[in-house]
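Letters A, B, ... mirror the listed sequences (proteins, then strands); counts begin at 1.
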Number of protein chains: 2
Amino acid sequence: MAIPRAAKTQRRTRIQEEKEEQILEAALDVFSARGFRGSTIDQIAEVAGMSKPNLLYYFRTKEAMHRALIDRVLYTWLEPLRAFNAEGNPETEIRSYIRRKLELARDFPRESRLFANEVLQGAPHIEDELKGPLKQLVDEKAEVIRAWAKAGKIAKCDPYHLIFSIWSTTQHYADFDVQVRAVLGQEHAGAGRFEDAARFLEQLFIGGLMVRPA
Amino acid sequence: MAIPRAAKTQRRTRIQEEKEEQILEAALDVFSARGFRGSTIDQIAEVAGMSKPNLLYYFRTKEAMHRALIDRVLYTWLEPLRAFNAEGNPETEIRSYIRRKLELARDFPRESRLFANEVLQGAPHIEDELKGPLKQLVDEKAEVIRAWAKAGKIAKCDPYHLIFSIWSTTQHYADFDVQVRAVLGQEHAGAGRFEDAARFLEQLFIGGLMVRPA
DNA sequence: AGATAATTTGACCGATTGGTAAACATTACA
DNA sequence: TGTAATGTTTACCAATCGGTCAAATTATCT
């Protein structure tokens, strides 16, 4: 009897591990490029290089693949915000948060687009995560920023909208990549655009937030 | 003989005008919420309150509806950037550009999401518009900003990334609305969030870009 | 009113969708 | 090596997809 996903045997076999990896890799490709509803199991199967029923042996439904992907990616994606350190120097912390988010956009654009697609379409599958863990984490870090402002270490500002603006500006380079490339043109759309973006964003945020000596 | 879309009679009838409007309104609802591939003609028909063949009488294909929508919305969407005035005061111009973009995000979130969905999925239908008219307009305005920086009216910065950052921060409130609401929670997710965002963004950009008297 | 053109609809089409059943092949382990 | 568990495939299903067609209905104009 074939029992998928190690329901009977506690340990996952080597094949299970490999194939699930292979499937999620393909699913990330397809889901991030076409959104959940726009993606088909056949497409994922083709990218993964295996038959559709074989995919469905490891993940019983299309939803299950998506769910597994979201779960896996969510943790990684919030890592930079988690690393935001209350004890650290505000300027350094903000600077490196921007850097880290920009690096994620550069190195993991598919993951960024997976979330963007999801949120854009009303977050039907991740609403709980947004209102739960995400909100908690942001609340916590917003409090840190508020404390910095109160202590006069940075300018007074709304910490939530500050976080939103760092999210949006950095993820823009992953989510709207084609637009960025189209506007920059071939000359300036090379790999250097991330370095240019980093320079600009640091200038913007540091210049806009740091209290200047009178 | 029924000839759709006024191929024979030059003038469009009253019914044609009304029905096409009705269809595009429904199509905007559906396309913006689910993306092109994730939307179905049946869904649009249901929202529009008419039968599927009736829709296809006015727009021969799903692509035609999408195309018509994009064409109609593109002009409106670039209006704020077009209004960007080289002769004006830099601070005032940037401030009102942010305001205008934020108002669009507040008043026309579906239009914003329509584009976001399209660009996010590789802009398969609007690549030409991005590389043509959009790039030209941005190039033109970037030159204005560059001139301001050269004249010492604002801080030296990359004008393209400045425009990108205004786009991303403002459209974030339309495209990622569910996330913004989830994070802000019920208390702060009310109508006032756009005013809060405007205040923060103006502070950020003006503070980050204006040259401060030494 | 009557004729003609414009509009609307139900029935239908082939292709594709997510998913299943069962036979077949392979692996792991005694 | 034998056998039971695991993994893979072919053939298929009902539902839905984008789109067509011809017939029926409504609007327009003389």
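Phosphate contact (OP1/OP2 of dT7(C), side-chain N/O of Y57(B), threshold under 4.0 Å): present. For the pair K52(A) and dT17(C), the criterion of a side-chain N or O lying under 4.0 Å from OP1 or OP2 is not met. Contact annotation: Q16(A) reaches the phosphate of dG7(D) (side-chain N/O to OP1 or OP2, under 4.0 Å). Taking side-chain N and O atoms only, S51(A) has no distance below 4.0 Å to OP1 or OP2 of dT8(D).
The nearest whole Å value for the distance from the CG atom in N54(A) to the P atom in dT20(C) is 15 Å. Computed from coordinates, the L56(B) CG to dT8(C) C1' distance equals 12 Å when rounded to whole Å. Distance F59(B) CZ to dG18(D) P: 16 Å, rounded to the nearest Å. With rounding to whole Å, L55(A) atom CG is found 13 Å from dT20(C) atom P. Put simply, CZ on R60(A) is 16 Å from C1' on dA21(C), counting in whole angstrom units. One can place CE of M50(B) at 13 Å from P of dG10(C), the figure rounded to the nearest angstrom. In this structure, K62(A) places its NZ atom 5 Å from P of dG18(C), rounding to the nearest Å.
Contact check on R199(B) versus D196(B) returns a salt bridge, with a Lys/Arg side-chain nitrogen under 4.0 Å from an Asp/Glu carboxylate oxygen. Salt-bridge annotation for E195(A) and R99(A): present, with a side-chain N of the basic residue lying under 4.0 Å from a carboxylate O of the acidic one. A salt bridge links R72(A) with E21(A): the closest approach of a Lys/Arg side-chain nitrogen to an acidic carboxylate oxygen falls below 4.0 angstrom.
When the shell of 6.0 Å around NE2 of H125(B) is examined, it contains more than 12 heavy atoms from other residues, nucleotides or ligands. Counting non-hydrogen atoms of neighbouring residues, nucleotides and ligands closer than 6.0 angstrom, the CD atom of E46(A) reaches no more than 12 such neighbours.
Side-chain contact check for Y58(A) versus M50(A): some heavy-atom pair is nearer than 4.5 Å. With contacts defined as side-chain heavy-atom distances shorter than 4.5 Å, the pair F205(B)/I154(B) does not qualify.
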Practice item. Go ahead and write out DNA chain C as dot-bracket, 5' to 3': ( ) for pairs within the strand, [ ] for ones crossing earlier pairs, | when the partner sits on another strand, dots for unpaired; Watson-Crick or G-U wobble, both distances under 3.5 Å. Key: ||||||||||||||||||||||||||||||
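Residue pairs meeting the salt bridge (charged side-chain N to carboxylate O under 4.0 Å, His left out) criterion with at least one partner in residues 119-136 of chain A, sequence neighbours excluded, are R67(A)-E129(A), E127(A)-K131(A), K135(A)-D139(A). Residues in residues 30-44 of chain B take part in these salt bridge (charged side-chain N to carboxylate O under 4.0 Å, His left out) pairs, two or more places apart or across chains: D42(B)-K52(B).
Here the nucleotide nearest the side chain of Y58(A), chosen from dA21(C), dG10(C), dT8(D), is dT8(D).
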For nucleotides 23-28 of chain C, give me every protein contact, N/O to N/O, under 3.5 Å, one pair per line with atom names.
unit_1  : atom_1 : unit_2 : atom_2 : d
dA28(C) : OP1    : R14(A) : NH2    : 3.4

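Ring planes of F164(B) and W167(B): tilted class, angle from 30 to 60°.
Under the 6.0 Å distance and 45° angle rule, R181(B) does not count as a cation-pi partner of Y173(B).
Applying a 4.0 Å cut-off to non-hydrogen atoms, the residues of residues 25-49 of chain A that approach DNA chain C are S39(A), T40(A), I41(A), D42(A), listed by residue number.
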Only distances under 3.5 Å count here; give the side-chain donor-acceptor pairs of residues 100-110 of chain A to other protein atoms, sequence neighbours excluded, each with its distance to 0.1 Å.
unit_1  : atom_1 : unit_2 : atom_2 : d
R110(A) : NH1    : E25(A) : OE2    : 2.9
R110(A) : NH1    : D29(A) : OD1    : 2.5
R110(A) : NH2    : E25(A) : OE2    : 3.3

